[in-house]
K.L.:
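Encoded as structure tokens, here's the structure I'll be asking about.
Note that the structure is a prediction, hence the values are computed from the model and not measured. Both backbone and side-chain heavy atoms feed into the values below; hydrogens, waters and symmetry mates do not.
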Amino acid sequence: MELTWKGLKEREFWEEKDILLPNYDAEKLAEYTVQDPRWVHFGIGNIFRLFIGGIADQLISDGALDRGIICAETFDKDIVDKIYKPHDNLSLSVFLKNDGSREYRVIGSLSEAVKACPEDSRDWERMKNIFRSPGLQMISFTITEKGYALTDVQGRLLPIVEKDLLKGPNEARSAMAIVTGLLFERFQSGGFPITLVSMDNCSQNGEKLRNAVLTVAKEWRKNQFVSDGFIDYISDEDKVSFPWTMIDKITPRPRQDIAEELKFMGIDDMGILVTGGNTYIAPYANGEEPQYLVIEDRFPGGRPPLEKAGVFMVDRDTVNKSERMKVTVCLNPIHTAVCTYGCMLNYELFADAIQDPELNLLARRVGEKEGMDVVPDPGILSPEKFLQEVLEVRFPNPYLGDTTQRIAVDISQMVGIRFGEVIKAYVEKYGSAKQLIGIPLAIAGWLRYLLAVDDEGNAFELAPDPMASELQVMLSTIQFGHPESFTGQLTPILSNEHLFGSNLYNAGIGGRIEEMFRRQLTGPGAVRQTLKEYLA
């Protein structure tokens, strides 16, 4: 049996396996969606299929939505060719419950998959046609924080972006240039309203997306690729809006045992693929049950009734508080603090790392003690209850299979967001962040992790991180077992306001981080001992 439109017609097979099927005709839905698209999504990996695709699937199943999603990929073209097309864009969601049981559901809401880049001329023309459609309402994104970046850690234009600014819309290669080029098509076709919704884990994500698009457009205007009218169009949030959001759902890489179980059930071609972009993906996506999505309700061209699928539709201030609660206090800082130490202490699974005595103390210090002192209360969610669920239900779930390495992916782009806001809040509230212990330990752990040497002195491979090589050059003269080799190499990192949002020496914790880092260099067991000393 195959996961295809044809395969789904054998409903008895799927029902015998307790796999839930769409109560609608996914093939007919796709035809209708292609003819009159309303929703496009960029970044079509695991969290999109499990969460966003699931939202659309629920709305369609309940009769609240009559079109699927156009799935667009700017980065990892293998996903389109090797995951979507062979399965008629169907996806299998696997929810991993705390009691060890699993729920399987086929998602039929992903109606078309397109490679969104000019080098694929047929798909590029298709994308332009989609953006010309007057009825198109919503463009959403899960491209990770690095997808919005135009500059490196030093504030210099990334080479691919620099080329895009010089060559214009028809030769765009970076995600933000591609999106801006497609908006230019929409402007030229009538300037219809549209909403661009970032669903990535970064503070004020809508603002980051808007700033990136405007930066590209204004550079193109200087180079005479676009008109002043286009700048006016994307600057007018009554025409082109960029709502802020908060999203939360833990979606690890596909688990091998699930692939094997599906094969045992008799479902073909369920293997895990590692793409050219180093994405681990399969025809199924696995993750936890809890999920949260909060969106600023600003949609000038209309929107799907997302609230009917459990999405909180609120004002910008509520989104900002919800996002800060999660990203800077209750979840992501704990992920970041624990995963690097987990790697150095040789924990493969995050569920095991969070139950380590010292790492659990670190998690609670960062969240319960330091973060809760300055956490914003969004009103729609209780920070205390949210954090309790994270620490006692979600993170310790042994069946989730999430790894410390997976969480450490792109970590150097995350630390500033994860910890910078709380540091600034302490400086604002107390005049200094000197009383912080857990957050400096977390930052020191990230820097020690970048040496790629575990707590026993053995080398290990870092998780993919585009900033790692640049940072490792800055740390290259530091040697494990030789604390005297540390002679101030952290200064340009900890003083980098572009990275943390403030100079950590001025905040009162730069020196403390240096001392924590130095102690972790002394020899085998030094990482563990440093944690014990500071968390005592």
Side-chain angles (χ1 to χ4, degrees), residues 96 98 201 250-253 255-256 280 286-288 327 329-368 370-371 387 390-415 417-419 437-465 467-468 471-472 475 480 513 516-517 519-521 523-535:
L96 306 168
N98 286 61
N201 277 324
I250 299 174
T251 310
R253 290 173 176 174
R255 288 179 51 168
Q256 181 61 37
Y280 286 72
N286 48 253
E288 63 174 352
V327 173
V329 174
C330 292
L331 191 147
N332 297 98
I334 300 171
H335 251 167
T336 300
V338 172
C339 76
T340 54
Y341 281 108
C343 290
M344 291 187 289
L345 296 175
N346 293 307
Y347 284 108
E348 179 182 1
L349 295 181
F350 189 84
D352 293 333
I354 195 67
Q355 296 183 77
D356 176 278
E358 278 72 54
L359 298 189
N360 192 269
L361 279 175
L362 176 62
R364 292 182 182 278
R365 180 81 186 211
V366 168
E368 289 178 343
E370 296 177 353
L387 179 59
V390 164
L391 290 174
E392 298 180 9
V393 178
R394 298 173 64 186
F395 282 177
N397 182 349
Y399 305 103
L400 195 56
D402 206 2
T403 66
T404 54
Q405 277 275 319
R406 198 280 303 183
I407 296 167
V409 170
D410 299 338
I411 191 169
S412 299
Q413 294 183 308
M414 312 290 189
V415 287
I417 297 298
R418 303 295 187 256
F419 305 120
I437 296 293
I439 287 176
L441 261 179
I443 295 171
W446 159 63
L447 292 163
R448 170 65 178 77
Y449 158 86
L450 288 173
L451 300 183
V453 177
D454 70 14
D455 198 25
E456 298 304 316
N458 302 311
F460 66 89
E461 185 176 352
L462 298 182
D465 180 350
M467 289 174 59
L471 290 165
Q472 284 185 302
L475 305 177
F480 173 78
I513 294 169
M516 292 171 166
F517 176 81
R519 290 193 182 198
Q520 296 182 49
L521 296 175
V527 169
R528 171 78 68 185
Q529 186 59 34
T530 302
L531 287 168
K532 287 182 176 180
E533 289 176 6
Y534 280 97
L535 294 171

K.L.:
Between S412 and W446, do the side chains contain an N or O donor and an N or O acceptor separated by less than 3.5 Å?
P.N.:
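Yes, a side-chain donor-acceptor pair sits under 3.5 Å.
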K.L.:
Here's a test for you: under side chain to side chain contact (heavy atoms under 4.5 Å, CB included), which of L96, T251, L400 qualifies with N286?
P.N.:
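That would be L96.
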K.L.:
Apply the test side-chain hydrogen bond (donor to acceptor under 3.5 Å, both in side chains) to residues Q520 and Y341: give CA-CA distance (whole Å), side-chain angles for both, the deciding distance (0.1 Å), then the verdict.
P.N.:
CA-CA 11 Å; Q520 296 182 49; Y341 281 108; 3.0 Å; yes
K.L.:
Rounded at 0.5 Å granularity, tell me how far CG in N201 sits from CD1 in I417.
P.N.:
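It is 10.5 Å, given to the nearest 0.5 Å.
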K.L.:
Is E461 atom CD crowded by more than 12 heavy atoms from other residues, nucleotides or ligands, each under 6.0 Å away?
P.N.:
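12 or below, so no.
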K.L.:
Please assess L521 against R448 for the test side chain to side chain contact (heavy atoms under 4.5 Å, CB included), listing each intermediate value before the final yes or no.
P.N.:
CA-CA 8 Å; L521 296 175; R448 170 65 178 77; 4.2 Å; yes
K.L.:
At their closest point, which heavy atom of G457 faces which heavy atom of F480, and how far apart are they?
P.N.:
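Reported closest heavy-atom pair: CA-CE2, 3.4 Å.
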K.L.:
Is any side-chain heavy atom of V453 closer than 4.5 Å to a side-chain heavy atom of N458?
P.N.:
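Side-chain contact under 4.5 Å: no.
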K.L.:
Show the nearest heavy-atom pair for residues A442 and A337, with the distance to one decimal.
P.N.:
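Closest approach of A442 to A337, heavy atoms only: CB-CB, 3.6 Å.
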K.L.:
Would you confirm whether D455, through its side chain, and A526, through its main-chain N or O, come within 3.5 Å as a donor-acceptor pair?
P.N.:
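Checked: pair present.
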K.L.:
To the nearest 0.5 Å, tell me how far M414 CE sits from D465 CG.
P.N.:
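If I round to the nearest 0.5 Å, the distance is 8.5 Å.
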K.L.:
Would you say the side-chain atoms of E288 pair up with the backbone N or O of I250, donor to acceptor, closer than 3.5 Å?
P.N.:
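The answer is yes, because a donor-acceptor pair under 3.5 Å joins these two groups.
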K.L.:
Give the C-alpha distance, both sets of side-chain angles, the deciding distance and a yes or no for side chain to side chain contact (heavy atoms under 4.5 Å, CB included) between D454 and C343.
P.N.:
CA-CA 7 Å; D454 70 14; C343 290; over 6 Å; no
K.L.:
Using modelled atom types and a 3.5 Å cut-off, is there a donor and acceptor pairing between side-chain atoms of D402 and backbone atoms of I407?
P.N.:
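Answer holds: no.
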K.L.:
Nearest 0.5 Å, what's the CD1-CD1 distance between I443 and I513?
P.N.:
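I443 CD1 to I513 CD1: 4.0 Å, rounded to 0.5 Å.
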K.L.:
Describe, in one word, how the ring planes of F460 and Y449 are oriented to each other, choosing from parallel (under 30°), tilted (30 to 60°) and perpendicular (over 60°).
P.N.:
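Tilted, since the angle between the ring planes falls between 30° and 60°.
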K.L.:
State whether the number of non-hydrogen atoms from other residues, nucleotides or ligands found under 6.0 Å of E456 atom CD is greater than 12.
P.N.:
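For E456, atom CD is crowded (more than 12 foreign heavy atoms under 6.0 Å).
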K.L.:
Using a 4.5 Å cut-off on heavy atoms from C-beta on, say whether the side chain of V366 contacts that of T336.
P.N.:
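The answer is no, as the side chains (C-beta and beyond) never meet within the 4.5 Å cut-off.
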K.L.:
Salt bridge (Lys or Arg N to Asp or Glu O under 4.0 Å), that's the test. Do R365 and E370 meet it? Break it down for me.
P.N.:
CA-CA 6 Å; R365 180 81 186 211; E370 296 177 353; 3.2 Å; yes
K.L.:
Would you check, one step at a time, whether the test side chain to side chain contact (heavy atoms under 4.5 Å, CB included) holds for F350 with V338?
P.N.:
CA-CA 8 Å; F350 189 84; V338 172; 3.5 Å; yes
K.L.:
Check G438 against L362 and note the closest heavy-atom contact, atom names and distance.
P.N.:
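Heavy atoms of G438 and L362 come nearest at O-CD1, 3.6 Å.
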K.L.:
State which residue, out of L387, L391, V390, fulfils the side chain to side chain contact (heavy atoms under 4.5 Å, CB included) condition with L331.
P.N.:
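One option only clears the test, and that one is V390.
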K.L.:
Which pair of non-hydrogen atoms, one from G342 and one from A353, has the smallest distance, and what is that distance?
P.N.:
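Shortest heavy-atom separation between G342 and A353 comes out as CA-CB, 4.3 Å.
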K.L.:
Taking the side chain as C-beta and beyond, is there a heavy-atom pair between Q355 and N360 under 4.5 Å?
P.N.:
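No; the side chains remain at least 4.5 Å from each other.
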K.L.:
Within 45 degrees of the ring normal and closer than 6.0 Å to the centroid, is that where the cationic atom of R253 sits relative to Y280?
P.N.:
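Judged by the rule (NZ or CZ under 6.0 Å from the ring centre, within 45° of its axis), R253 counts as positioned above Y280.
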K.L.:
Just do the side chain to side chain contact (heavy atoms under 4.5 Å, CB included) check on T530 and F517 with the steps written out, would you?
P.N.:
CA-CA 9 Å; T530 302; F517 176 81; over 6 Å; no
K.L.:
Under a 3.5 Å distance rule, please check whether R406 uses its side chain to pair with a backbone N or O of L349 as donor and acceptor.
P.N.:
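Looks like no, no N/O pair under 3.5 Å.
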K.L.:
With a 4.5 Å cut-off on side-chain heavy atoms, are N397 and V393 touching?
P.N.:
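Side chain of V393 against side chain of N397, heavy atoms only: no contact under 4.5 Å found.
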K.L.:
For the atom pair CZ (R364) and CG (L359), what is the distance rounded to the nearest 0.5 Å?
P.N.:
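Interatomic distance, R364 CZ to L359 CG, rounded to 0.5 Å: 12.5 Å.
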K.L.:
Checking side-chain polar atoms at under 3.5 Å, does D356 have a donor or acceptor matched by the opposite partner on Y347?
P.N.:
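Their side chains do contain a donor-acceptor pair, which is all the 3.5 Å distance test asks for.
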K.L.:
How many angstroms lie between CD in Q472 and CG in L475, if you round to the nearest 0.5 Å?
P.N.:
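These two atoms lie 7.5 Å from each other.
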K.L.:
Determine yes or no for a side-chain-to-main-chain donor-acceptor pair under 3.5 angstrom, with Q405 supplying the side chain and E348 the backbone.
P.N.:
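No, because the side chain of Q405 does not come within donor-acceptor range (under 3.5 Å) of the backbone of E348.
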K.L.:
Can you measure from CG (L345) to OG1 (T404) and round to the nearest 0.5 angstrom?
P.N.:
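Rounded to the nearest 0.5 Å, the CG-OG1 separation comes to 10.0 Å.
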